[in-house]
Amino acid sequence: MSRRKTQDEFVADVDAINPNIEVLGTYVNSRTKVHVKCRKCGHEWDPIPENIYRGHGCPKCGHRACEAAHRKTHEEFVAQVAATNSTVEVVGIYEGSEKRIRAKCRTCGYEWPPIAQSLISGYGCPKCSGRVALTQEEFVSRLADVNPSVEVLGDYTNARSRIRVRCLKCGHVWAPSAYSLTAGYGCPECKKTESSARQRMSKSEFESKLCAVNSNIAVKGTYTTASKPVKVHCKKCGNDWMGIPNNLLRGAGCPVCARSGTSYMEQFFLESLRLVLGKDKVLSRDRSAIGKELDIYIPSLSLAFEPGSWFWHKDKLHSDADKRSLCAQAGIRLITIYDDYPDGAEPPFDRDCLTINGVVSAGSNERDLERIVADIMSEYGITCCFSPQETAAIFSSASSKSQRMIHDEFVEELHGINPDIEVVGRYTYKKNRILVRCRVCGHEWKPIAQSLVRGSGCPRCAGALKLTETEFKDRLEESNPSIEYVGGYKGNSKRVNVRCMVCGHEWSPFASSLLRGHGCPKCAGVLRRTQDQFVREVSEKHPDIEILGEYKSSSTVILVLCKTCGYEWSPKAETLLTGGSCPNCRRLRMKKARPS
């Protein structure tokens, strides 16, 4: 695959593979859809060319052309598995990429029947990765390592099923889920006894411990025991509420402040995943995928996370279920995580629903989050191991971003961003409007607070207020004397025709950008790169990457080839310019670095 096929070559290939398919569209590359028509039934559709090469035919006819003629031989398949998945031994006979085949793990000896293509894609032994049930002996052995004070009485079925066990300390018999035992959860009666002992602290001891955990919370009511609610006061926002002392000591904070931003748990996942995958690969509060907001979404993995407190979600499970259904329809795996979940209770959803007993906050149950991130990333062949410095940075950033900003903090931050804006009103929340005044022109207005910290300024100074055409021309002369107005002004949010008096270049920018001082793009050197310029810049950064496609703009995808491994892919041009490299080489390096 040293070069891209031409249109004629592609048409000839399709005729040879499946003469019943007529190519109607223009061939771009093997992964870009092309419009075709079935000569047998007249059905038109847009397949990926790669699928036609694999033998896929008309979906209406249900015809898969020449499958037997183009199928790998058994020896070819075995050789390919050996090259990509050396820990797996092929036991059965290969009958096609989508057929199941008997395979054996060279590490643990487990045999299972995966789909043949999954072995070539790098999927390994499900038992080694924990995706299949353990035997009774394996479960007992693993439990002895994790929970030596728990004795198994019943028969082990799978991780989600309940199993009868006995506590060797107090003799209590109960039936928790097997997963909770291997996750380290112990006897509930022993926990009650320990909790009861903790409850017998004095009021002064409780206040002292609470101050150490969260100095922003003051006790206003009468403290009795650690399990009975007590009236407390938030020094940051002034909110009073009834908090359970045990939860407060675990790190639970003010519910008003907590609802004002994202949770600590969500910020922890977001920061961790962005550190592993890259900031641009992990989206926060995305609405484009399913039409509803996903807390964390990773498009490249078709994976989403919805972390939240059971206290807030237990009354709106129908909404969580709807979101999971929409994700399933869109082919997205949604993992729901609830903290502060009742000990020993079954999760509300059968799969991809994780629960944490206790409140997750700064300094409390954080290791559970680390384990969840590492386990899930390992399922996708991604090693997740942070240094102590990286872990500390994640904890610090998640703690800072999950706390609501108070009025004084907002004023201080805004002054650092735009000292020309004076805060007149009272800051309440980032999405609420706040009264401010421009120190330059005296104009007062009520923008959304968040827009100010993102850099938006006075609309009158920037010309965002409605101007006449004459007023716009006068302001343009003041802010951009080298730009000549040609015509078409309809408001500062619309495009306007202008000409550069220096080089004569004509273009149509937004009127507001001209009033903010943006000048001629040709003089500034920001016009689109030529093909040769782009190829030269990429070759300087990545001499092992060959450009196959035509460069259009930095935000447009372009077909490229890795000279090292021969892999073709279509990244955004700006990804290559900012240092993005071959994803296949990266996967192979990570696979080699993974412990065997």
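When every heavy atom of Glu271 is checked against every heavy atom of Ile394, the shortest pair comes out as CB-CG2, 4.1 Å. Pro113 and Arg100 get closest at one heavy-atom pair: O-NH1, 2.7 Å. Shortest non-hydrogen contact noted between Leu317 and Pro348 is CD1-CB, 4.0 Å. Considering every non-hydrogen atom in both Ile356 and Met265, the closest pair reads CD1-SD, 4.4 Å. Counting all heavy atoms, side chain and backbone alike, Leu270 lies closest to Leu283 at CD1-O, 4.4 Å. Heavy-atom minimum distance, Gly487 versus Val496: O-CG2, 3.4 Å.
Counting non-hydrogen atoms of neighbouring residues, nucleotides and ligands closer than 6.0 angstrom, the NZ atom of Lys563 exceeds 12 such neighbours.
We find the CG-CD1 distance between Leu561 and Ile547 to be 9.5 Å, quoted to the nearest 0.5 Å. His74 NE2 to Glu95 CD: the interatomic distance, rounded to the nearest 0.5 Å, is 10.5 Å. Separation of atoms CG (Leu334) and CZ (Arg324) is listed at 5.5 Å; rounding is to 0.5 Å. Here the CG atom belonging to Leu354 is positioned 8.0 Å from the CZ atom belonging to Arg371, to the nearest 0.5 angstrom. Here the CZ atom belonging to Phe349 is positioned 14.0 Å from the CD1 atom belonging to Ile335, to the nearest 0.5 angstrom. For the atom pair CD1 (Ile298) and CD1 (Ile332), the distance works out to 11.0 Å, reported to the nearest 0.5 Å.
When atom types are taken as modelled, the side chain of Arg102 and the backbone of Val91 share no donor-acceptor pair closer than 3.5 angstrom. Remark: side-chain polar atoms of Gln7 are paired, donor with acceptor, to backbone N or O of Tyr27 under 3.5 angstrom. One N or O on the side chain of Gln531 and one on the backbone of Gly549 form a donor-acceptor pair closer than 3.5 Å.
The salt bridge (charged side-chain N to carboxylate O under 4.0 Å, His left out) analysis of residues 12-27, with sequence neighbours excluded, yields the pairs Lys5-Asp13, Asp15-Arg39. Listed by first then second residue, pairs satisfying side-chain hydrogen bond (donor to acceptor under 3.5 Å, both in side chains) with a partner in residues 289-298 read Arg285-Glu293, not counting sequence neighbours.
A heavy-atom distance below 4.5 Å is found between the side chains of Ile483 and Trp507. Side-chain contact check for Ile382 versus Leu277: some heavy-atom pair is nearer than 4.5 Å. A heavy-atom distance below 4.5 Å is found between the side chains of Tyr380 and Arg333. By the 4.5 Å heavy-atom criterion applied to side chains, Val90 and Gln80 are not counted as neighbours. Under the 4.5 Å side-chain criterion, counting only non-hydrogen atoms from C-beta, Thr336 is not in contact with His313. Using a 4.5 Å cut-off on side-chain heavy atoms (C-beta onward), Asn497 and Glu506 make no contact. At a threshold of 4.5 Å between non-hydrogen side-chain atoms, the residues Lys281 and Leu273 do not count as touching. Looking at Phe10 and Thr26, their side chains never come closer than 4.5 Å, going by heavy atoms from C-beta outward.
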### Message
Before you tell me yes or no, could you show the steps for Leu576 and Phe534 under side-chain contact (heavy atoms from CB on, under 4.5 Å), namely the whole-Å CA-CA distance, both residues' side-chain angles and the distance that decides it to 0.1 Å?
### Response
CA-CA 10 Å; Leu576 299 174; Phe534 175 71; 4.2 Å; yes
### Task
Could you go through the side-chain contact (heavy atoms from CB on, under 4.5 Å) check for Trp112 and Val88 one step at a time?
CA-CA 11 Å; Trp112 79 108; Val88 177; 4.1 Å; yes
### Task
Determine, stepwise, if the pair Arg274 / Ser284 fulfils side-chain contact (heavy atoms from CB on, under 4.5 Å).
CA-CA 10 Å; Arg274 282 180 169 174; Ser284 175; 3.9 Å; yes
### Task
Determine, stepwise, if the pair Ile376 / Leu303 fulfils side-chain contact (heavy atoms from CB on, under 4.5 Å).
CA-CA 10 Å; Ile376 293 172; Leu303 176 65; 4.1 Å; yes
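Under 3.5 Å, the side chains of Asp286 and Ser288 contain a donor-acceptor pair of N or O atoms.
Residues that satisfy the salt bridge (charged side-chain N to carboxylate O under 4.0 Å, His left out) test with Glu484, not counting sequence neighbours, are Arg499.
Exactly one residue among Phe268, Phe269, Tyr338 makes a ring pair (Phe, Tyr, Trp, His ring centres under 6.0 Å) with Phe305. That residue is Phe269. When Val28, Leu559, Val560 are each tested for a side-chain contact (heavy atoms from CB on, under 4.5 Å) with Ser570, only one passes: Leu559.
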